Amino acid sequence: MIGLIAATAAGQRGCERLAAAWPDRTRVYDGPVREAVTAAFAECEQLVCFLATGAAVRLVAPLLADKASDPGVVCVDEAHRYAVALLGGHGGGANDLAAAVSDILGTAPVVTTATDAVGASGLDTLGLPVEGAIAAVSRAMLDGEPVAMRADAVWPLPALPANVGEAGEAEIRVTDLVVPAGERTAVLRPASLVVGVGGSRGVAAEEVLGLVREALEGAGLSARSVAALATVEAKADEAGIVAAAERLNVPLLTYAAGTLAGIEVPNPSAAPLAAVGTPSVAEAAALAAAGQGGELVVQKRKSAMATAAVARRRPRGRLAVVGLGPGARDLLTPRAREELRRAAVVVGLDQYVDQIRDLLRPGTRILESGLGAEEERARSAVAEARAGYAVALIGSGDAGVYAMASPALAEASADIDVVGVPGVTAALAAAAILGAPLGHDHVSISLSDLHTPWEVIERRVRAAAESDLVVTFYNPRSRGRDWQLPKALAILGEHRTPQTPVGVVHAASRPDERSEVTTLAALDVTTVDMVTVVTVGNTATREVAGRMVTPRGYRWQT
Ligand code: SAH
């Protein structure tokens, strides 16, 4: 039973919500708080107190008997912001209770027991299965003790703290090999192995699994590094093979017989050629799934009805192209935040790095450069990824909009993984401030003629003017570039009235944000700089209550 205790109206509301969520597991203790806590402490396995931690400590202190039998106690603050596991984190289940309470009340669980804290930032946050002395090595890592890192290859791991290096008594191995268990050795398992399998019709899953296990064991390989099973398309529905993949909890990849027939293998044979049209299933499928640079590490083995072979993949570096949004922290997406913590190397303009420096893992390598070094940034981001690292290339707004994604991907080859994380663009952030200017067809045009001839820009402005598109101007005006914006506005003015609404937004979502809804005739271009976007409405856009509104359609809404 969970005892619920409150001292205030807000606390009582919290009690009611928990009681409603867990009707059979909770009991509300009314009356004076001291008596309520005393009774609940004696009668319940767990307590949730809507009390300050100080008050709760004073009330339960005289009642404490033994870690093994004392109830778990969670405190929730008056504003329901936090659920603090105060007492009995593990034995009393308070850590889990704080999390469960948080699911219902929307509080943040606060857990202070050491092993959980280690878990939150230790080896198990690196995204690979980990085994061995996890707690001991995580602790050494957090305590700043030298920890040796021994990886068979460069895998795109997140950043590790500076004390993880070449030497140390505690050790992290990154390998697909079975290694002797050491008291201070933890092993991360990269997804490096693919097992090619073949089977006669009706082969049992046990037989396939047995052969796979034998193939791995024979070569000293760990099953936890198996990323996939692979076979020929004709076997895609072979129940024993499908079930084997399910049991290993890996996908089953299938390849056309023609594809497999074109792969050179050490042990081709006539039987599969006759049956499914390729001289090799297991070896060829393993190599096909391993991809470029893969190598066969276990040649074909046979049982009565199955075949298996193992190939190792070459690690692939990872390039994440991450948009940081217009500036405000809460317009940075959770996915972008996760990618930043996923990275070991961050590449970007120094001012953008400053925007997110506090979110990076300790030990993250930062390659920052000043304005204008775009190509160099793109090249070094790709080079780091090709060397096998996990790289985040960052940019404001969306990193693919007038930003780093295109120069980087123009350099990138097929041997790295690329992940794009969209960001809130300046145009979208500005639109939300201005009202609803983008309610119908719209276009963004950069007025920077640094890399684009003015004739091209002008042609596009003219086309937008003629086709009545709402236009957002990026890079609208700088000290050395001041005639382009008036010229562009004049072109729009040939097709729109002087009263056409125009929105000007400076530093959207940043502390110095400034915005104005004006008109084509009244716009003062000297208020526009390089941290500004200018959105010009179409012929249907109106100002309503100081906001820019572009109707959804010309007929649907007038
Ligand atoms: N990738 C960015 C655009 C970079 S180009 C994006 O998706 O938004 C740089 C131009 O973007 C600036 O000259 C300015 O016109 C605009 N810009 C960027 N951030 C802005 C902000 N917070 N407020 C207004 N304009 C901004």
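Bear in mind that the values here come from a model prediction, so they are computed numbers and not experimental data. Both ligands and their constituent atoms are indexed starting at 1 by order of listing.
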* To do: Enumerate the protein residues lying less than 4.0 Å from ligand 1, judged by heavy-atom distances, in chain and residue-number order.
  =>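 For ligand 1, the residues that come within the 4.0 Å heavy-atom cutoff are P326, S396, G397, D398, V401, Y402, A403, T425, A426, Y474, N475, P476, V505, A507, A508, R510, M530, V531, T532, V533.
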Testing the 3.5 Å rule here: is there a donor-acceptor pair between the side chains of [X] and [Y]?
X: T527; Y: E516; answer: no
X: N538; Y: T541; answer: yes
X: R386; Y: S413; answer: yes

* Looking at residues at least two apart in the chain, or sitting in another chain, which of them share a ring pair (Phe, Tyr, Trp, His ring centres under 6.0 Å) with Y352? ->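 Applying ring pair (Phe, Tyr, Trp, His ring centres under 6.0 Å) to Y352 gives none.
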* To do: Evaluate the criterion side-chain hydrogen bond (donor to acceptor under 3.5 Å, both in side chains) for residue pair T425 and D398; output intermediate values, then yes/no.
  => CA-CA 5 Å; T425 62; D398 183 277; over 6 Å; no
* Asked: Does Q351 CD have over 12 foreign heavy atoms under 6.0 Å away?
  ->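 Yes, CD of Q351 has more than 12 neighbouring heavy atoms, counting only those of other groups under 6.0 Å.
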